[in-house]
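So the structure is just underneath, and the comments pick up after that.
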Amino acid sequence: MMRTRPLKVALLGCGVVGSEVTRIMTTHADDLAARIGAPVELAGIAVRRPGRVRDGVPAELVTTDATALVKRGDIDVVVEVIGGIEPARSLITTAFEHGASVVSANKALVAKEGAALHAAAQERGADLYYEAAVAGAIPLVRPLRESLAGDNINRVLGIVNGTTNFILDRMDTSGAGYSEALDEATALGYAEADPTADVEGFDAAAKAAILAGIAFHTRVTLDDVHREGITEVTAADIASAKRMGCTVKLLAICERAADGRSVTARVHPAMIPLTHPLASVREAYNAVFVEADAAGQLMFYGPGAGGSPTASAVLGDLVAACRNKLSGTAGPGESAYSRLPVSPMGQVVTRYHISLDVADKPGVLAQVATVFAEHGVSIDTVRQQGKDGEASLVVVTHRASDAALSATVETLRRLDTVRDVASIMRVEGE
């Protein structure tokens with residue numbers, strides 16, 4: 001039998017995502033009630049600028065006093081979609097203190113303060129859900145945290161930022177340079193006026209921290225994630241990738257060491273073979289590969305951002321939190337029992353694509369090959385082109401550590417015959 005007294009929800013933020021959450025809660029109220037077992041009532045919407053609230057949002061629910069809203073003793077679930085660290089952290093903590101569960105889309109906050117927030121939720125017997133913080137509408141957190149809870153996850157590899165994927169896809173398909181592709185992404189609404197969080201990899205790094213923590217039952221914060229953006233990717237890099245039968249993607253890579261004693265988490269551009277499923281992920285879509293002992297390889301694909309996709313993930317978490325409220329239980333909390341160390345980037349082993357501008361004269365290739373050998377970096381292939389006393393040398397290595405490759409490059413820079421190390425890019429997905 002359905003409970004007649006409604007569960008009350010407070011919404012923090014009413015931008016693109018918040019307004020979609022409001023719309024869905026209103027238009028699908030009967031369906032949500034049937035799925036939860038009780039009506040769900042939007043009890044208040046906290047915003048900073050009431051004059052910018054979107055059409056369709058009930059004016060009588062709007063308030064600028066977010067603290068007073070979350071302190072109400074009758075609020076069952078707080079939905080936080082304002083982003084940033086503060087005041088989101090304080091508001092969520094206050095919500096727990098007053099008995100509410102929390103659904104958040106705040107990747108930066110969860111990546112930075114996830115352990116403290118989980119502890120606060122556990123202390124009050126409340127839920128903390130954040131499916132929308134990682135990959136928009138794509139169900140990823142719950143499968144990792146629940147569906148694969150009995151398996152051993154070894155690797156999570158994926159495209160988790162739609163803006164950068166759109167830019168790199170345009171550079172690949174149209175031959176555009178980075179600036180041109182960014183301008184197009186901005187015009188289409190895929191990139192913010194200040195795209196730094198996306199193009200410098202901060203957004204993807206926060207998501208990598210969350211995914212690594214869940215996958216490996218270890219606390220991984222944003223500071224643990226090696227981060228590189230796409231601002232240095234050039235049309236020449238894209239062309240080089242094509243010659244190798246590859247494309248360039250910004251990847252989030254979380255791996256368990258072969259001996260199981262440590263993990264790594266990193267975000268950087270990489271060349272991947274066109275035969276890899278991630279190579280076909282186009283436009284602003286996201287896709288994530290998960291590799292586990294028993295399940296094998298799993299791929300999750302879909303829209304990774306936007307109002308409606310993100311709201312879909314928020315509503316899924318809201319239903320779960322409300323069901324738990326009705327039954328007097330709480331969902332999965334933090335699982336960090338493994339306490340595995342996070343290895344630095346210098347210990348990561350992968351393949352590399354290095355482009356060198358060198359003097360076009362005899363002996364240069366042998367000299368460069370000697371430097372690689374001295375640092376224990378094995379060469380897979382070499383391609384050389386020369387004209388009018390200048391040449392380009394493209395070296396693709398076998399697997400080597402980041403530290404060994406960095407030492408190799410530093411030595412190369414000191415050679416008189418090496419004019420410039422034009423680009424360095426990792427090769428993944430093989």
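Just so it is clear, the model here is predicted, and its values are computed rather than measured.
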Donor-acceptor pair between [X] and [Y] side chains, under 3.5 angstrom:
{"X": "T196", "Y": "D194", "value": "yes"}
{"X": "E20", "Y": "T310", "value": "no"}
{"X": "N286", "Y": "N165", "value": "no"}

With heavy-atom distances below 4.5 Å as the criterion, would you say the side chains of [X] and [Y] are in contact?
{"X": "M299", "Y": "V281", "result": "yes"}
{"X": "I85", "Y": "L109", "result": "yes"}
{"X": "I272", "Y": "T247", "result": "yes"}
{"X": "L318", "Y": "V21", "result": "no"}
{"X": "L11", "Y": "V81", "result": "yes"}
{"X": "T93", "Y": "L117", "result": "yes"}
{"X": "M244", "Y": "T381", "result": "no"}
{"X": "C14", "Y": "T22", "result": "yes"}

So which atom in [X] and which in [Y] form the shortest heavy-atom distance, rounded to 0.1 Å?
{"X": "G306", "Y": "V17", "value": "O-CG2, 4.5 Å"}
{"X": "F300", "Y": "P139", "value": "CD2-O, 3.2 Å"}
{"X": "G229", "Y": "P269", "value": "O-CG, 3.1 Å"}
{"X": "P303", "Y": "I138", "value": "O-CG1, 4.0 Å"}
{"X": "T264", "Y": "S343", "value": "CG2-CB, 3.8 Å"}
{"X": "R256", "Y": "A215", "value": "NH2-O, 4.0 Å"}

_Pairs flagged by salt bridge (Lys or Arg N to Asp or Glu O under 4.0 Å) wherever residues 228-250 is involved - sequence neighbours left out_ = E228-R426

*Calculate, to the nearest 0.5 Å, the distance between atoms CD and CZ belonging to Q297 and R155 respectively.*
9.0 Å

_Can you tell me how far apart OG (S406) and OH (Y352) are? Round to the nearest 0.5 Å._
6.5 Å

Under a 3.5 Å distance rule, please check whether [X] uses its side chain to pair with a backbone N or O of [Y] as donor and acceptor.
{"X": "R261", "Y": "A258", "result": "no"}
{"X": "R383", "Y": "V396", "result": "no"}
{"X": "H276", "Y": "L278", "result": "yes"}
{"X": "S174", "Y": "M171", "result": "no"}
{"X": "R399", "Y": "R351", "result": "no"}
{"X": "T370", "Y": "A366", "result": "yes"}

*With E334, which of H217, H118, Q122 fulfils side chain to side chain contact (heavy atoms under 4.5 Å, CB included)?*
H118

_side chain to side chain donor-acceptor pair (under 3.5 Å) partners of Q367, counting only residues at least two apart_ = T417

_Residues, nucleotides or ligands: over 12 heavy atoms within 6.0 Å of D416 CG_ = no

_Pairs where residues 133-145 contributes a residue and the test side-chain hydrogen bond (donor to acceptor under 3.5 Å, both in side chains) is met, not counting sequence neighbours_ = R142-D317

*Give every residue pair that meets the side-chain hydrogen bond (donor to acceptor under 3.5 Å, both in side chains) criterion with at least one member in residues 102-117, sequence neighbours excluded.*
E80-S104, E80-N106, R89-E113, K107-D203

Anything under 3.5 Å between a donor and an acceptor, one on a side chain of residues 177-192, the other on a protein residue two or more places apart or in another chain? List them.
unit_1 : atom_1 : unit_2 : atom_2 : d
E180   : OE1    : G177   : N      : 2.9
E184   : OE1    : R170   : NE     : 3.3
E184   : OE2    : R170   : NE     : 2.9
T186   : OG1    : L182   : O      : 2.9

*With salt bridge (charged side-chain N to carboxylate O under 4.0 Å, His left out) as the test, would you mind laying out the steps for R266 and E255 before giving the verdict?*
CA-CA 9 Å; R266 50 196 166 104; E255 293 178 306; 2.9 Å; yes

*Sequence neighbours excluded, which residues qualify as ring pair (Phe, Tyr, Trp, His ring centres under 6.0 Å) partners of H226?*
none

